[in-house]
Amino acid sequence: MQQKTLDQHISKSDNRNKFEQNQTANLVKFEPRTQTNSQTKSFDKLLNNFDFSISNHNLGVIKFKSFAALSLGFLCELPYIGCILLIAAIGFKSLATFSVKKVSNSQTILLNFILYIALMILSMFLINLSPNIFELSEHSSTSSEFIKNFAIFCAGIIGLVFGSVYAYLYYKELSEITNQKYFLLACYCFVGAVVLNFTAFGIIFFVAYLVCEVFAWIMVQKIQITRHNYALF
């Protein structure tokens, strides 16, 4: 009888040891999978945060895009990579303006931005392409060449005027929906920087434009629904 009880006790101990071994094996078996799932969730979270920073229309994200555009715009004067930085700055500014359009339900702010940027770039290209207005006669060997250079210069000036008008419409609406008048001051400084591009005053106006717009974005608390359409035509 005692032998039978001893055998039963040994059998139960063996079963308990086998159960504990199986539990340990299961833990070892599923531990790598748990770690892999944790890594996958972390990677998905990282992707979600990246998507948030690019496409979300939250005010904080809009400010980030605007500050990135202004920083790259400040560095666009660097040699060799200045053109690439300028394109990147325009890209970030376009994303910020698109987000502002979505939040404010504006029908004109994005269009005005595109037109003012396009006209400014085109006008500066035409003005740089033609000789100085005071040197047209010296750089024109024939009357037809003089007329061509003069027409290119005039086209650049006209583009500059219309670009300044669309810049004003863009910043006027932006100042209204954000309730920040510093955007209008930034607009005046930007136009002054473009007009005085080849002088020392142009650099001063450009720095003033950056400071005013950075300060304006810092002060923005909310973006309101637009009440007017700022269309030129």
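We count residues from 1, following the sequence as given.
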Open item on the list: Are Ile218 and Leu70 linked, directly or through intermediate hydrophobic residues, by side-chain heavy-atom contacts shorter than 4.5 Å (ILVMFWY only)?
Closed with: yes
Open item on the list: Go through it in stages, so that I can follow the logic: the residues are Phe183 and Trp217, the test is ring-ring contact (aromatic ring centres under 6.0 Å, His included), and I'd like the CA-CA distance, side-chain angles, deciding distance and then a yes or no.
Closed with: CA-CA 8 Å; Phe183 282 115; Trp217 278 115; 5.1 Å; yes
Open item on the list: Could you measure the distance from the CD1 atom of Ile223 to the CD1 atom of Ile62? Nearest 0.5 Å is fine.
Closed with: 3.5 Å
Open item on the list: Please report the interatomic distance OG(Ser66) to CD(Glu213), rounded to the nearest 0.5 Å.
Closed with: 7.0 Å
Open item on the list: If I take atom NZ from residue Lys93 and atom CG from residue Leu72, how far apart are they, to the nearest 0.5 angstrom?
Closed with: 12.0 Å
- [ ] Go through the structure and list residues passing side chain to side chain donor-acceptor pair (under 3.5 Å) with Ser123, not counting sequence neighbours.
- [x] none
- [ ] Evaluate whether atom CZ of Phe206 has more than 12 neighbouring non-hydrogen atoms of other residues, nucleotides or ligands under 6.0 angstrom away.
- [x] yes
TODO: Enter the distance from Leu184:CG to Leu174:CG here, rounded to the nearest 0.5 Å.
DONE: 9.0 Å
Task: Transitive ILVMFWY side-chain link Ile203 to Leu196, under 4.5 Å - done: no
Open item on the list: A quick test of your reading: do over 12 heavy atoms of other residues, nucleotides or ligands sit less than 6.0 Å from OH of Tyr209?
Closed with: yes
Open item on the list: Measuring from atom OG1 of Thr108 to atom CG of Leu115, what distance do you get when rounded to the nearest 0.5 angstrom?
Closed with: 11.0 Å
- [ ] Specify whether Phe113 and Tyr170 have parallel, tilted or perpendicular ring planes, treating 30° as the upper limit for parallel and 60° as the lower limit for perpendicular.
- [x] tilted
TODO: Might you point out which heavy atoms bring Lys65 and Ser99 nearest each other, and give the distance in Å?
DONE: NZ-OG, 3.1 Å
TODO: Please say whether more than 12 non-hydrogen atoms of neighbouring residues, nucleotides or ligands are located less than 6.0 Å from CZ in Phe98.
DONE: no
Task: OG on Ser175 to OH on Tyr168, rounded to 0.5 Å - done: 8.0 Å
